[in-house]
Amino acid sequence: MGLFVGEPRARLPAALYLRVSSAEQTVENQREPLLRLAEARGWEPTLYVETVSGSGKKRRPVFERMMLDAKAGKVRAVAVTALDRLGRSLGTVVETLNILHAAGAVVVSIREGIDTTTPGPVQTLLLGLFAALGQVELQLNRERTQAGLERARKFGTKSGRPIGRPRLDAELLRKASLLVDGGETVRQAALTAGVSKTTLQNYRREELAKRAEAERQAHEDVARMARGVARNP
């Protein structure tokens, strides 16, 4: 299931999706490998470049346009340098893969060596693995959170302070964080929920770090299992 091996393929209309996570980053390091992939496959590439807006909102209009083009049959292949370009969580990645698969579009991710152009049981197994791992990620997150709370209750904290935030504060912070995800500024969300801006920023930083670590672990598991499938079809 190598990326650059095999007989020449028909010139498929392909979407090369490039995305950065912050305004300080550049998509240029994604452009060249994706163009080389498209050339090696004989695809007809179109670049879909997602840049971070200054508004702080999480919408991805270029991604949404690409998905609409795939559903309309204008895109028959989607290539990314890494699966995390398709979504910030494994659940989002799985949903995207399922939509593209239903639309008849194949997906190639260079870093993980994922390639759904292989027809038959290998492709079916890969998609099944993604879906299963999406559920595993959710369950592991729940279990890690519960284990951390139980460990803290049993052994206490270094500071000797009560463990965790008060339940009410935690709920208010969660709601405020959702407001930020929906497009409000941190200041606006903090005022609406009745929490301090600094506390909300710290809460979001901790949650994002936990989410990033869970995604990293999940992506490594997916890549390892996919390589095993490729070696033993």
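Separation of atoms OH (Y17) and OG1 (T81) is listed at 11.0 Å; rounding is to 0.5 Å.
No side-chain heavy atom of I114 sits less than 4.5 Å from a side-chain heavy atom of V107. At a threshold of 4.5 Å between non-hydrogen side-chain atoms, the residues T116 and L100 do not count as touching. Using a 4.5 Å heavy-atom cutoff, the side chains of K71 and I99 are in contact. In this structure the side chain of R41 reaches within 4.5 angstrom of the side chain of V108, judged on heavy atoms.
Side chain of T96 to backbone of T92: a donor-acceptor contact under 3.5 angstrom is found. No donor-acceptor pair closer than 3.5 Å links the side chain of Q201 to the backbone N or O of V186. Looking only at distances, no side-chain donor or acceptor of R204 sits under 3.5 Å from a matching main-chain atom of A176. Of the possible polar contacts, none joining the R85 side chain to the A79 backbone as a donor-acceptor pair under 3.5 Å is found. Within the 3.5 Å criterion, the main-chain N or O of K197 finds no donor-acceptor partner in the side chain of R187.
Placement of Y203 and L191 in two distinct hydrophobic clusters is found when ILVMFWY residues are connected by side-chain heavy-atom separations under 4.5 Å, directly or transitively. Taking hydrophobic clusters as Ile, Leu, Val, Met, Phe, Trp and Tyr residues chained together by side-chain heavy-atom distances below 4.5 Å, V195 does not share a cluster with L178.
The two atoms that bring Q30 and T26 nearest to each other are NE2-O, 4.5 Å, heavy atoms only.
Annotation for E32: atom CD does not count as buried by contact number, only 12 or fewer foreign heavy atoms lying within 6.0 Å. A 6.0 Å sphere centred on CD of E39 holds no more than 12 heavy atoms belonging to other residues, nucleotides or ligands.
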Residue pair V62, M66: steps toward the side chain to side chain contact (heavy atoms under 4.5 Å, CB included) verdict: CA-CA 6 Å; V62 178; M66 179 186 73; 5.7 Å; no
